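Contents: one structure, followed by commentary.
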Amino acid sequence: MLSLLGFSYIAFSLLALAMFSHHREALGFAPSDKRCRVLSITGWFGLALTYWGCTLLQGFAYGSIIYFGLLAVAGLLVVITLSYRAKFMPYAMGLSAIVSTILLLIPSAL
């Protein structure tokens, strides 16, 4: 479940970076329209994959409940990151990707 939390954090971060002001604060430059579309589509795709992972592991009923809990925690983490350390967001996304991938490879972490 922690790996799914990391991936939902990445997905929410991508959706946040699709917004002009968040992108400018985190990366230091304004995004193009094409970049905003790519970030947005990738973020929604990541959230869909996270939902698929939750339902695959826990079934439809419990997976849906766990999914919305993960969304709440990941959304809060993105808001805190953007509020206090916006420049740290790309590094946090990379760290989250590495840790989440490692957790996927550990069978007992599922």
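Just so it is clear, the model here is predicted, and its values are computed rather than measured.
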### Query
What heavy-atom pair brings Cys36 and Pro31 nearest, and what distance separates the two atoms?
SG-CG, 3.5 Å

### Query
OG1/Thr81 to CG/Leu76 distance, rounded to the nearest 0.5 angstrom?
9.0 Å

### Task
Report the residues that fulfil side chain to side chain donor-acceptor pair (under 3.5 Å) with Ser96, sequence neighbours left out, ordered by chain and then residue number.
none

### Task
State the CG-CE distance between Leu57 and Met1, to the nearest 0.5 angstrom.
4.5 Å

### Task
Can you measure from CZ (Phe7) to CG (Leu104) and round to the nearest 0.5 angstrom?
4.5 Å

### Message
Side-chain heavy atoms nearer than 4.5 Å, only ILVMFWY residues, links allowed to pass through others: does that put Tyr62 and Tyr67 together?
### Response
no

### For Phe29, the rest of its hydrophobic cluster, which grows through side-chain links under 4.5 angstrom
Leu27

### Query
Of all heavy-atom pairs between Ala18 and Ser40, which one has the smallest distance, and what is that distance?
CB-N, 3.9 Å

### Message
Would a single hydrophobic cluster contain both Leu103 and Leu95, if residues Ile, Leu, Val, Met, Phe, Trp and Tyr are joined by side-chain heavy-atom contacts under 4.5 Å?
### Response
yes

### Within residues 69-79 or reaching into it, pairs that qualify as side chain to side chain donor-acceptor pair (under 3.5 Å) - sequence neighbours excluded
none

### Message
Are Met19 and Val78 connected into the same hydrophobic cluster when the rule is that any two of I, L, V, M, F, W, Y join if their side-chain heavy atoms are below 4.5 Å apart?
### Response
no

#### Entry: Spatial distance of atom CE (Met89) from atom OH (Tyr9) [nearest 0.5 Å]
4.5 Å

### Task
Please assess Ile65 against Gln58 for the test side-chain contact (heavy atoms from CB on, under 4.5 Å), listing each intermediate value before the final yes or no.
CA-CA 10 Å; Ile65 294 168; Gln58 297 293 326; over 6 Å; no

### Task
Check whether Leu2 and Leu105 end up in the same hydrophobic cluster, where Ile, Leu, Val, Met, Phe, Trp and Tyr are linked by side-chain heavy atoms less than 4.5 Å apart.
no

### Task
Can you run down the side chain to side chain donor-acceptor pair (under 3.5 Å) pairs that involve residues 84-95, sequence neighbours left out, and say none if there aren't any?
none

### Message
Which residue in the set Leu5, Ile10, Leu4 passes side-chain contact (heavy atoms from CB on, under 4.5 Å) when paired with Ser8?
### Response
Leu5

### Task
Sort and list the pairs that fulfil side chain to side chain donor-acceptor pair (under 3.5 Å) and have at least one residue in residues 13-35, not counting sequence neighbours.
His23-Arg35

### Query
Are Leu56 and Phe60 connected, step by step, through hydrophobic side chains (Ile, Leu, Val, Met, Phe, Trp, Tyr) whose heavy atoms are closer than 4.5 Å?
no

Report all side-chain donor-acceptor pairs from residues 41-52 shorter than 3.5 Å, counting only partners two or more places apart or in another chain.
| unit_1 | atom_1 | unit_2 | atom_2 | d |
| --- | --- | --- | --- | --- |
| Thr42 | OG1 | Val38 | O | 2.6 |
| Thr50 | OG1 | Gly46 | O | 2.8 |
| Tyr51 | OH | Ser64 | OG | 3.0 |

